[in-house]
Colleague: 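Next up is a structure, given as structure tokens.
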Amino acid sequence: MNVFHHFRDRVLAAVGTLQAAGRLPADLDLSRVVVEPPRDPAHGDLSSNVAMVLAKPARSNPRALAEMVAGALADGEGVVAVEIANPGFLNLRLTPAFWRERIRDVLRAGTAYGDSAMGQGRAVNVEYVSANPTGPMHIGHARGAVVGDALAALLEKAGYAVTREYYINDAGGQVDVLAASTHMRYREALGEEIGAIPEGLYPGDYLRALGEELAAQDGDRWLAAPTEEWLPVFRRRAIDGMMALIRDDLQALGVRHDIFTSERSLVDSGAIERALEVLEARGLLYTGVLEAPKGKQPDDWEPRPQTLFRATQSGDDVDRPLRKSDGSWTYFAADIAYHFDKFRRGFATQIDVWGADHGGYVKRMQSAVAAVTGGEAALDVKICQLVNLMDDGEPVKMSKRAGTFVTLREVVDAVGRDVVRFIMLTRKNTETLDFDLARVREQSKDNPVFYVQYSHARAHSVLRHAREKLAAADLSPAALAGVQLDGISDPAELVLIRQMAQWPRIVESAAEAHEPHRIAFFLYDLASSYHMLWNKGKDDASLRFLVRDDENLTLARLALVQAFALVIASGLRVFGVEPVEEMRA
RNA sequence: GCACCCGUAGCUCAGCUGGAUAGAGCGCUGCCCUCCGAAGGCAGAGGCCAGGGGUUCGAAUCCCUUCGGGUGCGCCA
């Protein structure tokens, strides 16, 4: 049960009754009515703004309206008291018995607890990573990868049909540079002294293996061949090699995609022409001359006519070029075709996860999506701010040239996949994130991964002890769901239950906002409530989970503990993090 | 010059799409282990939500503006 939906329905039913009785106008907009947990627990268990939102259209005052609704709710099931507070809040207090039943909800659902039908099976496309295939992934890529992956999982949990997609930028000039760099390594592998890698080419060691592989397979047949001959071959092989590298990195992170779409295949298939025809037909293409940007004038600026997209018509600041001076398509042109292609594949909702350096690109892409789909598709872009790699408070200096470049793989090997994933989700995407190699391995409270995992391990520690002491009892979640729960009554226990009952609500709000980080904070708070309860048991032996000579109470508390562990596991599952049952020593 | 993002406790950050007396961790002060894992917990101090206008029953949240920091600005992707 989603407690908040349940009571919103009951509040609306009460309003409906009052409408039927002619005590409220029939035509009220109820969309802004919410039921939520009050910020201050002293205000009760649930709070509704119904009276304040409806007062004006009902030509009443909040208090009077609240009195009416309260009267219709007061003797409802599970309700102890309905109170009307200051500006017109309607505050509900629920019976402990009502809250105890939520334990059963969790135990029956397992890690599927929190699943929502909100998405109604609607198709959503999430595109993430899309790193250029020119080398291995670094820590910055990892953030986008994890955010995209977790967002996809979150949307699935909220009932959307999600497709996870990777766009391979294999059509631009960069892959030619990659091919040339690979050719140098190939010559090197054949014994040639190549010296330093020239400026402008990729110096990375990771191309050595590729050069050697090509030398071993093809011998020296490309050594004296003209560039036009070896370039396409090396380009293809290099892209494949780099994508293999990236796929390995993604696998190490546990990030997966359903579809990899190649920019080059789009170009070759004529998809760009098709997309631009649509824009042409809508009168959104023209030939014009752009003004140089003020303030930062490029040295080689020359005004010249080019094919432009009327991006200003749908929210962008300037119209955007679609062709380079050599006649080939700009990246933007291909990207329009790509998003149009996604639309034609049935995605009216598209989400792109990009790096911070692409912030200036958002408006034009949204403008293009609106234009090319006639406003039928919407694009949301999540810009991930930079990741600062630190070690015990000191920034880790990274420079590709100096060879102090830290790859994602090295970080994953050092601290573990789950740690990387969780930490990447502990900040809102718009905030920069410090990733401290020393701190994330710390086993203390200020390391959220540890703190959450520790709470889960503690819960399983209790269950392990219980299995020893109550060897005869069935302690599976299904069995615990049928246990007598009356003994659960301590305020700290009820706090924990109330918090678990928020999980379905957190899923929906985080999914709606496209903000997976909210789950990290929820899990931290939930873990905190558990640690608190645990500690109360240290001060007061009667609150310990395993109660000597009282098997009924013990079973009830085990049900609570098991439910808690399941909610934590359910949240970690969205993050793609494995909940641990025991902390390593 | 323009656009986008950010500005909340000494530090790092939440703040549930406009709700009640603005929260957490770190750091600081003082407490709690014969006992299911103290790798934890409790209590205290700490705020003009960058400044100024506006919208309304109600603003950290929405709009305008000023200041400060970051990112980007045709033929890179």
Side-chain angles (χ1 to χ4, degrees), chain A residues 32 34 36-40 42-43 47 49 52 55-56 61-62 85-89 91 130-132 134 167 169 171-175 263 289-298 300-304 306 308 316-318 320-321 323-328 330-332 334-335 355-363 383 385-386 426-432 434 442-448 450-451 454-455 457-458 461-466 469 502 505-506 508-510 512-513 515 517-518 520-522 524-525 528 531-539 541 544-546 561 582-583:
Chain A
R32 288 177 56 216
V34 297
E36 55 189 7
R39 183 159 20 190
D40 185 346
H43 293 134
S47 177
N49 63 353
M52 292 180 287
K56 193 185 251 182
N61 70 73
N86 212 320
F89 284 105
N91 293 331
S130 301
N132 295 335
T134 55
Y167 185 49
N169 301 137
Q174 287 190 4
V175 288
E263 180 186 359
V289 180
L290 285 180
E291 287 179 28
K294 292 191 172 69
K296 192 222 167 206
Q297 179 119 357
D300 58 346
W301 180 271
E302 280 176 31
R304 70 181 173 77
Q306 50 192 165
L308 299 173
D316 202 358
D317 312 305
V318 289
R320 304 291 179 176
R323 265 187 206 280
K324 304 179 194 172
S325 55
D326 66 359
S328 64
T330 60
Y331 178 80
F332 182 48
D335 222 0
D357 52 342
H358 286 57
Y361 195 75
V362 174
K363 270 193 189 176
I383 296 291
Q385 284 303 320
L386 301 176
T426 54
R427 288 284 177 274
K428 197 168 14 174
N429 62 289
T430 52
E431 299 282 333
T432 60
D434 289 344
E442 235 171 65
Q443 306 213 319
S444 72
K445 225 184 134 177
D446 57 328
N447 178 359
F450 168 77
Y451 189 72
Y454 181 37
S455 74
R458 268 185 157 176
S461 164
V462 172
L463 293 167
R464 275 193 303 275
H465 279 272
K469 291 191 177 180
Q502 287 218 47
R505 189 172 175 273
I506 298 291
E508 290 191 350
S509 60
E512 193 169 4
E515 290 185 351
H517 77 277
R518 292 187 190 188
F521 288 91
F522 169 76
Y524 189 89
D525 290 342
S528 176
H531 287 307
M532 217 180 287
L533 182 57
W534 178 289
N535 205 252
K536 273 190 95 173
K538 290 203 147 305
D539 295 336
R544 291 160 68 89
F545 300 122
L546 306 179
V561 168
E582 228 168 332
M583 305 302 289

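The shown structure was predicted, so the numbers you read here are calculated from the model rather than taken from an experiment. Letters A, B, ... mirror the listed sequences (proteins, then strands); counts begin at 1.
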Colleague: Is any side-chain N or O of Lys538(A) closer than 4.0 Å to OP1 or OP2 of rA38(B)?
Modeller: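 Yes, Lys538(A) has a side-chain N/O under 4.0 Å of OP1/OP2 on rA38(B).
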Colleague: At 4.0 Å (heavy atoms only), tell me whether His531(A) reaches a base, stays on the sugar-phosphate, or touches nothing.
Modeller: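 The residue His531(A) makes sugar-phosphate contact but no base contact.
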Colleague: Expressed as a whole number of angstroms, how long is the span from Glu302(A):CD to rG74(B):P?
Modeller: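 Going from CD in Glu302(A) over to P in rG74(B) covers 14 Å.
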Colleague: Atom CZ of Arg458(A) to atom P of rC33(B): distance rounded to whole Å?
Modeller: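 Nearest whole value for this atom pair: 16 Å.
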Colleague: Please give the distance between the P atoms of rC11(B) and rG27(B) as a whole number of Å.
Modeller: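 Result for the P pair: 16 Å, nearest Å.
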Colleague: Using a 4.0 Å cut-off on protein heavy atoms (strictly under), produce a 5'-to-3' string for nucleotides 22-30 of chain B with B for base contact, S for backbone-only sugar-phosphate contact, and - for none.
Modeller: --SSS----
Colleague: Please classify the nucleic acid contact of Asp326(A) as base, sugar-phosphate, or nothing, using heavy-atom distances under 4.0 Å.
Modeller: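 The residue Asp326(A) makes no contact with any strand.
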Colleague: When you get a sec, tell me which of rU17(B), rC36(B), rG40(B) is the closest nucleotide to the side chain of Trp534(A)?
Modeller: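 Nearest listed nucleotide: rC36(B).
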Colleague: Are the side chains of Phe521(A) and Pro448(A) in touch, meaning some heavy atoms are under 4.5 Å apart?
Modeller: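 Counting from C-beta outward, Phe521(A) and Pro448(A) never come under 4.5 Å.
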Colleague: Can you tell me whether the base of rU17(B) sits syn or anti, using the 90° cut around 0 to define syn?
Modeller: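 Syn conformation here, the glycosidic angle of rU17(B) being no more than 90° from 0.
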Colleague: Quote, to the nearest angstrom, the C1' distance that separates rG7(B) from rU66(B).
Modeller: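 Per the computed distance, 14 Å lies between those C1' atoms.
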Colleague: Looking across every strand, which nucleic acid part, if any, lies under 4.0 Å from Lys469(A) by heavy atom: base, sugar-phosphate, or nothing?
Modeller: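 The answer is nothing, as Lys469(A) stays clear of every strand by at least 4.0 Å.
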Colleague: Checking contacts here: which listed nucleotide (rC36(B), rG40(B), rA77(B)) is nearest the side-chain heavy atoms of Leu546(A)?
Modeller: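 Closest nucleotide among those given: rC36(B).
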Colleague: Can you tell me, in whole Å, how much space there is between the P of rG51(B) and that of rC67(B)?
Modeller: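 Straight-line distance between the two P atoms is 16 Å.
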Colleague: Give me syn or anti for rC33(B), where syn covers glycosidic angles within 90 degrees of 0.
Modeller: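 Syn conformation for rC33(B).
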Colleague: Just to verify, what does Lys445(A) make a salt bridge (Lys or Arg N to Asp or Glu O under 4.0 Å) with, not counting sequence neighbours?
Modeller: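 So Lys445(A) forms no salt bridge (Lys or Arg N to Asp or Glu O under 4.0 Å) with any residue.
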Colleague: With heavy atoms under 4.0 Å as the rule, sort Glu263(A) into base, sugar-phosphate or nothing.
Modeller: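 Result for Glu263(A) = sugar-phosphate.
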Colleague: Please give, in whole Å, the distance from rC36(B) C1' to His465(A) NE2?
Modeller: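 Rounding to the nearest Å, NE2 of His465(A) and C1' of rC36(B) are 5 Å apart.
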Colleague: With sequence neighbours left out, write down each residue that passes side chain to side chain donor-acceptor pair (under 3.5 Å) with Asp326(A), or none if nothing qualifies.
Modeller: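 Counting only residues at least two positions away or on another chain, Asp326(A) forms a side chain to side chain donor-acceptor pair (under 3.5 Å) with Ser328(A).
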Colleague: Under 4.0 angstrom, heavy atoms only, what part of the nucleic acid is Asn86(A) near: base, sugar-phosphate, or nothing?
Modeller: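 The residue Asn86(A) makes no contact with any strand.
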Colleague: Just compare rG74(B), rG40(B), rG15(B) and give me whichever is closest to any side-chain atom of Gln306(A).
Modeller: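 Shortest atom-to-atom distance from the side chain points to rG74(B).
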Colleague: What distance, rounded to whole Å, do you find between the two C1' atoms, one in rA59(B) and one in rG1(B)?
Modeller: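 Here rA59(B) and rG1(B) have their C1' atoms 32 Å from each other.
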Colleague: Would you mind telling me which residue lines up with the more 5' stretch of RNA chain B, Leu386(A) or Asn535(A), judged by nearest nucleotide?
Modeller: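 Closest to the 5' end, via its nearest nucleotide, is Asn535(A).
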Colleague: Would you please name every residue forming a salt bridge (Lys or Arg N to Asp or Glu O under 4.0 Å) with Lys536(A), sequence neighbours left out?
Modeller: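 Salt bridge (Lys or Arg N to Asp or Glu O under 4.0 Å) check on Lys536(A) returns Asp490(A).
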Colleague: What's Gly173(A) touching, base or sugar-phosphate or nothing? Going by heavy atoms closer than 4.0 Å.
Modeller: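 Sugar-phosphate, no base atom in range.
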Colleague: What's touching nucleotides 57-59 of chain B from the protein side, N or O pairs under 3.5 Å?
Modeller:
from    : atom 1 : to       : atom 2 : distance (Å)
rC57(B) : OP1    : Lys56(A) : NZ     : 2.6

Colleague: Which parts of nucleotides 7-14 of chain B does protein reach within less than 4.0 Å, heavy atoms only, written one letter per nucleotide 5' to 3' as B for base, S for sugar-phosphate only and - for none?
Modeller: -----SSS
Colleague: Can you name the residues that form a side-chain contact (heavy atoms from CB on, under 4.5 Å) with Ser444(A), not counting sequence neighbours?
Modeller: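 Ser444(A) satisfies side-chain contact (heavy atoms from CB on, under 4.5 Å) with Glu442(A), Asp446(A) only.
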Colleague: Closer than 3.5 angstrom, by distance alone: can the side chain of Asn49(A) be matched with the main-chain N or O of Val34(A) as a donor-acceptor pair?
Modeller: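 Yes.
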Colleague: What integer number of Å spans the C1' atoms of rG23(B) and rG47(B)?
Modeller: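 Straight-line distance between the two C1' atoms is 12 Å.
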Colleague: Listed by chain and number, what are the side-chain contact (heavy atoms from CB on, under 4.5 Å) partners of Val362(A), not counting sequence neighbours?
Modeller: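 Only Trp354(A), Gln366(A), Val381(A), Ile383(A) meet the side-chain contact (heavy atoms from CB on, under 4.5 Å) criterion with Val362(A).
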Colleague: What is the distance from CZ of Arg320(A) to P of rA3(B), rounded to the nearest Å?
Modeller: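 Rounded to whole Å, this separation is 12 Å.
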Colleague: For Asp40(A), give me all partners under salt bridge (Lys or Arg N to Asp or Glu O under 4.0 Å), at least two apart in sequence or on another chain.
Modeller: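 Expected list: none.
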Colleague: Expressed in whole Å, how much space separates the C1' atoms belonging to rA60(B) and rU17(B)?
Modeller: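 After rounding to an integer number of Å, I get 13 Å for this pair.
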Colleague: Under the salt bridge (Lys or Arg N to Asp or Glu O under 4.0 Å) test, which residues partner Arg427(A), sequence neighbours left out?
Modeller: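 Arg427(A) satisfies salt bridge (Lys or Arg N to Asp or Glu O under 4.0 Å) with no other residue.
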Colleague: Look at the side chain of Arg544(A) and decide which nucleotide, out of rC36(B), rG40(B), rG74(B), has an atom nearest to it.
Modeller: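 Among the listed nucleotides, the one closest to the side chain of Arg544(A) is rC36(B).
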Colleague: How close or far is atom C1' of rA43(B) from atom NZ of Lys536(A), stated in whole angstroms?
Modeller: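 Taking NZ of Lys536(A) and C1' of rA43(B), I get 15 Å after rounding.
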Colleague: Once you round it to whole Å, what is the distance between P of rG15(B) and CD of Gln502(A)?
Modeller: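 Interatomic distance, CD of Gln502(A) to P of rG15(B): 14 Å.
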Colleague: Would you indicate which nucleotide in rA3(B), rC32(B), rG74(B) comes nearest to any side-chain atom of Asp539(A)?
Modeller: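 Nearest nucleotide to the side chain: rC32(B).
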Colleague: How close do Asn91(A) and Ala85(A) get, counting heavy atoms only, and between which atoms?
Modeller: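 It is ND2-CB, 3.5 Å.
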Colleague: Go through the steps for His517(A) and Lys428(A) under the test side-chain contact (heavy atoms from CB on, under 4.5 Å), then give the verdict.
Modeller: CA-CA 6 Å; His517(A) 77 277; Lys428(A) 197 168 14 174; 3.5 Å; yes
Colleague: Do Arg505(A) and rC16(B) share a donor-acceptor pair, side chain to base, under 3.5 Å?
Modeller: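 Between rC16(B) and Arg505(A), which were checked side chain against base, a qualifying N/O pair under 3.5 Å is present.
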Colleague: Can you tell me whether the side chain of Ser325(A) and the base of rC75(B) have a donor-acceptor pair closer than 3.5 Å?
Modeller: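 Counting by modelled atom types and ignoring angles, a donor-acceptor contact under 3.5 Å is found here.
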Colleague: At under 4.0 Å between heavy atoms, what does Ala541(A) touch on the DNA or RNA strands: base, sugar-phosphate, or nothing?
Modeller: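 Touches nothing.
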Colleague: rC33(B) and rC16(B): how far apart are their C1' atoms, nearest whole angstrom?
Modeller: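 Roughly 37 Å separates the two C1' atoms.
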Colleague: rC13(B) and rU56(B): how far apart are their C1' atoms, nearest whole angstrom?
Modeller: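 Rounded to whole Å, the distance is 30 Å.
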Colleague: Using a cut-off of 4.0 Å on non-hydrogen atoms, how would the nucleic acid contact of Tyr361(A) be classed: base, sugar-phosphate, or nothing?
Modeller: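 The residue Tyr361(A) makes base contact.
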Colleague: Base, sugar-phosphate or nothing for Ser461(A)? Non-hydrogen atoms, less than 4.0 Å.
Modeller: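 The residue Ser461(A) makes base contact.
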Colleague: As a test of reading the structure: which of rC36(B), rA77(B), rC5(B) is closest to the side chain of Gln385(A), going by heavy atoms?
Modeller: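 Selected nucleotide: rC5(B).
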Colleague: Rounded off to whole Å, could you give me the CG-to-P distance for the Asn169(A) and rC76(B) pair?
Modeller: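 The answer, rounded to whole Å, is 14 Å.
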Colleague: Find out whether Ser455(A) and Trp534(A) are in side-chain contact, i.e. whether some heavy atom of one side chain is under 4.5 Å from a heavy atom of the other.
Modeller: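 No, too far: nothing below the 4.5 Å cut-off.
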Colleague: Let me know the distance between CG of Asn91(A) and P of rG19(B), rounded to the nearest Å.
Modeller: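 Result: 15 Å.
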Colleague: Suppose we screen for side-chain contact (heavy atoms from CB on, under 4.5 Å). Which residues come up paired with Arg464(A), at least two apart in sequence or across chains?
Modeller: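 Once residues adjacent in sequence are excluded, the partners of Arg464(A) under the side-chain contact (heavy atoms from CB on, under 4.5 Å) criterion are His460(A), Ser461(A), Arg467(A), Glu581(A), Glu582(A).
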Colleague: Can you tell me which residue among Arg304(A), Gln306(A), Glu302(A) is in a side chain to side chain contact (heavy atoms under 4.5 Å, CB included) with Ser325(A)?
Modeller: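 Only one option passes, and that is Arg304(A).
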Colleague: Report the residues that fulfil side-chain contact (heavy atoms from CB on, under 4.5 Å) with Lys469(A), sequence neighbours left out, ordered by chain and then residue number.
Modeller: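 Counting only residues at least two positions away or on another chain, Lys469(A) forms a side-chain contact (heavy atoms from CB on, under 4.5 Å) with Leu546(A).
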